[in-house]
Protein chains: 2
Amino acid sequence: MWFKMSSEKHENDPDNSNYKELDEETLFVVTQSFKALSDPTRIRILHLLFVNEYSVNEIARVLNLKQSTVSHQLRFLKNLRLVKFRREGTTLFYSHDDEHVMDVLRQTINHALHT
Amino acid sequence: MWFKMSSEKHENDPDNSNYKELDEETLFVVTQSFKALSDPTRIRILHLLFVNEYSVNEIARVLNLKQSTVSHQLRFLKNLRLVKFRREGTTLFYSHDDEHVMDVLRQTINHALHT
DNA sequence: CACTTATATGACCACGTGCTCATGTATAAA
DNA sequence: TTTATACATGAGCACGTGGTCATATAAGTG
């Protein structure tokens with residue numbers, strides 16, 4: 001026996017009044033997450049942080065970026081709680097802090113590599 | 001018996017010369033994919049296209065957007081091959097065309113909804 | 001305290017992005 | 001061919017973004 005799902009098409013709902021939009025807050029959160037991943041510098045930083053923690057200067061040296069550039073981007077990522085840091089003397093070691101976002105990044109990189 | 005993995009830390013590679021950066025093309029592709037998802041209007045459009053196909057005017061009406069706005073964003077998404085369309089008379093029906101990106105979007109929306 | 005090292009921050013600038021208006025193009029009907 | 005409908009496109013503008021330089025702050029050392 002077959003049932004017609006209301007989501008199959010919208011021919012029974014010509015005005016599409018049945019469609020449930022994303023609520024504003026969800027839309028904002030999702031947008032922000034992807035915005036964090038929409039810049040090559042931030043992706044390079046997060047990619048570096050997949051496995052290890054790194055200090056600001058290490059990140060700058062390995063990725064050949066200015067220290068201030070790295071600091072700015074880390075602040076951006078920190079505000080979105082995608083990275084965290086621990087202090088050791090005057091040095092700050094940054095590491096990733098959002099498994100879900102790192103998973104999404106990992107998936108997308110792997111997908112890009114295998115196509 | 002325990003082995004020390006080289007990826008455990010980078011203390012055996014102080015200059016981190018062992019680190020393999022993302023190649024430029026992969027970085028570009030990944031960045032572009034996320035850029036497509038980093039705008040609320042584009043997310044709303046793709047979210048609408050999760051299940052059904054929609055004409056340009058339908059999208060504009062349901063999401064309360066100008067027709068030209070929708071057209072511009074659809075061109076953007078089309079260039080990245082995230083959507084496709086079929087013609088029926090003068091009407092163009094758009095639908096999604098990249099399962100991976102739609103999956104990533106679905107995951108992230110669900111994650112945002114459940115936190 | 002002064003001095004060094006590591007990082008953060010603010011001002012500025014060049015560039016990118018998204019929306020709107022006006023207009024162009026394509027298909028179908030009369 | 002004219003007219004109507006659906007969609008695409010270009011120009012212009014307001015705003016956002018990322019990098020750089022200069023400078024500030026913070027912690028450690030002597």
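Bear in mind that the values here come from a model prediction, so they are computed numbers and not experimental data. A note on names: the letters A, B, ... follow the listed sequences, proteins ahead of strands, and every chain is numbered from 1.
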Atom pair distance, as rounded to whole Å: CD in B:E88 and C1' in D:dA6
13 Å

Report the distance from atom CZ of A:F76 to atom C1' of D:dG16, rounded to the nearest whole Å.
11 Å

Starting at the 5' end of DNA chain D, which residue's closest nucleotide do you reach first, A:T90 or B:T91?
B:T91

On DNA chain D, check which nucleotide each of B:N57 and A:L65 is closest to and give me the residue with the more 5' one.
B:N57

Counting only heavy atoms not in B:F50, do more than 12 sit closer than 6.0 Å to its CZ atom?
yes

So for the helix from C:dC1-D:dG30 to C:dA30-D:dT1, with five pairs setting each end axis, what is the inter-axis angle to 10°?
10°

Is the shortest side-chain heavy-atom distance between [X] and [Y] below 4.5 Å?
X      : Y     : result
B:F85  : B:E53 : no
A:V101 : A:L80 : no
A:L105 : B:V30 : yes

Using side-chain hydrogen bond (donor to acceptor under 3.5 Å, both in side chains) as the criterion, list what pairs up with [X], not counting sequence neighbours.
X     : answer
A:Q67 : A:S71
A:D23 : A:T26
A:R81 : none
B:E99 : none

Tell me, which of residues 32-44 of chain A have any heavy atom that sits under 4.0 Å from an atom in DNA chain C?
none

Between B:V29 and A:A112 the two heavy atoms that sit nearest each other are CG1-CB, 4.1 Å

Could you pull out the protein-nucleic contacts involving nucleotides 8-12 of chain D (nitrogen or oxygen on both sides, under 3.5 Å)?
unit_1 : atom_1 : unit_2 : atom_2 : d
D:dA8  : OP1    : B:Y94  : OH     : 2.5
D:dA8  : OP2    : B:S71  : OG     : 2.5
D:dA8  : N7     : B:Q67  : NE2    : 2.8
D:dA8  : N6     : B:Q67  : OE1    : 3.4
D:dG10 : O6     : B:H72  : NE2    : 2.9

List the atom pairs, with distances to 0.1 Å, where a side-chain N or O of residues 41-48 of chain B and a protein N or O form a donor-acceptor pair under 3.5 Å, not counting sequence neighbours.
unit_1 : atom_1 : unit_2 : atom_2 : d
B:R42  : NE     : B:A36  : O      : 3.0
B:R42  : NH1    : B:Q73  : OE1    : 2.9
B:R42  : NH2    : B:K35  : O      : 3.1
B:R44  : NE     : A:E21  : OE1    : 2.9
B:R44  : NE     : A:E21  : OE2    : 3.4
B:R44  : NH2    : A:E21  : OE2    : 2.6
B:R44  : NH2    : B:L63  : O      : 2.8
B:H47  : ND1    : A:Y19  : OH     : 2.5

Name all residues meeting the salt bridge (Lys or Arg N to Asp or Glu O under 4.0 Å) criterion together with B:R75; count only those two or more places apart in sequence or in a different chain, and write none if there are none.
none

Ring pair (Phe, Tyr, Trp, His ring centres under 6.0 Å) partners for A:H100, two or more places apart:
B:H111

Sequence neighbours excluded, the answer for ring pair (Phe, Tyr, Trp, His ring centres under 6.0 Å) partners of A:F76 is none

Extract, from 5' to 3' on DNA chain C, the first and final nucleotides lying under 4.0 angstrom from some heavy atom of chain B.
C:dT17 to C:dA28

